[in-house]
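Heads up: the structure comes next, in structure tokens.
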Amino acid sequence: MAYRGRFAPSPTGPLHAGSLVAALASWLDARAHGGTWLMRVEDVDTPRCIPGADRLILQQLAACGLASDEPVVWQSQRDALYQAALDRLIAQGGAYPCACSRQDIERALLASGAPRERHQAAVYPGTCRPENGGLQGRAPRAWRFRVPDAARVDWTDCRLGPQSQDVARAVGDFILRRADGLWAYQLAVVVDDAAQGITHVVRGEDLADNTPRQILLQRALGLPTPAYLHTPLVLGDNGEKLSKQNGAQALDLSDPMAALNAAARALGLPARGDEPDAALRGWTRDWALSTAPTR
Ligand code: GLU
């Protein structure tokens with residue numbers, strides 16, 4: 001199958017050194033496999049999006065020699081696709097409406113005597129599952145995916161190796177459509193990766209733990225599972241992951257080679273002194289050599 005990769009930033013701010021690592025790695029992996037590289041703007045979480053950040057990200061990538069091989073796609077224009085996927089899940093009993101507020105969930109967890117937490121997010125106790133009585137007259141707020149019982153997902157990451165997660169225990173029934181009507185990342189990313197024929201997902205390691213949820217959704221929707229490679233995270237001086245939330249600096253467009261060299265270093269690639277296009281060709285060869293035996 002022809003390789004198709006993608007970079008899928010959320011336009012919540014300009015690219016920073018951490019996001020460039022994922023962009024560069026996905027581009028190099030696509031080129032090293034003679035594949036196609038796509039850009040997708042993940043702007044479904046509209047309250048977090050910053051007007052103009054999408055254009056700025058595209059400019060920053062272009063300055064680094066990274067341009068989408070096909071027209072850029074904006075998730076905010078793909079409502080109908082996500083709705084069709086949700087409808088399909090509902091029709092097969094794989095999704096159900098949920099009336100619980102955050103407080104309802106906390107109360108139910110406390111009452112059960114087993115508050116379970118994951119990354120500060122409560123594991124949904126299944127209050128609105130049809131077998132537990134469903135909405136019981138309450139107004140629906142969100143839609144949740146019905147995680148199959150004993151849903152242990154085993155998958156192999158091309159960099160991190162074998163991974164495993166019991167999604168029912170670790171995450172629980174997760175949101176597909178939020179109470180504010182917005183599509184959840186998990187549903188949108190799975191629908192779009194399939195709709196765009198993505199065969200290889202290369203993205204930051206902070207997203208690795210979403211993969212089992214995405215694999216479950218792919219299975220429920222009858223969609224193929226791409227190969228996954230999660231790239232090393234760039235840590236700031238405080239030892240924390242660089243992110244827009246903790247104020248990572250925007251990439252300096254006036255010196256794309258400095259930005260590219262820093263990203264290449266994070267990927268274990270040698271520094272290069274050329275201009276971006278020549279450097280990218282050199283790193284593509286390095287990448288092809290370093291990944292050839294395993295992929
Ligand atoms: N939009 C996500 C982010 O910027 C990335 C999603 C993905 O690559 O799967 O964190």
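One-based numbering, in listed order, for ligands and for the atoms of each.
- For the pair A8 and ligand 1, the shortest N or O to N or O distance falls below 3.5 Å.
- Atoms of ligand 1 lying under 4.0 Å from at least one heavy atom of S10, given by number and element, are 1 (N), 2 (C), 3 (C), 4 (O).
- Contacts of Y185 with ligand 1, taken as heavy-atom pairs under 4.0 Å, involve the side chain alone.
- Between the side chains of Q163 and D154, no donor N or O sits under 3.5 Å from an acceptor N or O.
- The side-chain tip of R177 does not point at the ring of W143 from less than 6.0 angstrom away and within 45° of straight on.
- Of all atoms in ligand 1, numbered sequentially from 1 with element shown, those under 4.0 Å from a heavy atom of R203 are 7 (C), 8 (O), 9 (O).
- Ligand 1 lies less than 4.0 angstrom from a heavy atom belonging to R6.
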Practice item. Under the side chain to side chain donor-acceptor pair (under 3.5 Å) rule, what do R138 and S101 come out as? Steps first, then yes or no, please. Key: CA-CA 11 Å; R138 293 174 304 156; S101 65; over 6 Å; no
Exercise for review: Quick one: do Q83 and D79 satisfy side chain to side chain donor-acceptor pair (under 3.5 Å)? Show the steps, please.
Suggested key: CA-CA 6 Å; Q83 187 63 55; D79 238 49; over 6 Å; no
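- Interface atoms of ligand 1 facing V189, defined by a heavy-atom separation under 4.0 Å, are 9 (O).
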Exercise for review: Report the C-alpha distance between R178 and D45 in whole Å, list the side-chain angles of each, state the deciding distance to 0.1 Å, and finish with yes or no for salt bridge (Lys or Arg N to Asp or Glu O under 4.0 Å).
Suggested key: CA-CA 10 Å; R178 301 171 9 175; D45 191 355; 3.2 Å; yes
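- For ligand 1, the atoms sitting less than 4.0 Å from at least one non-hydrogen atom of L207 are 5 (C), 6 (C), 7 (C), 8 (O), 10 (O), numbered in the order shown with element in parentheses.
- The structure places OH of Y3 at 11.0 Å from CH2 of W37, a figure rounded to the nearest 0.5 Å.
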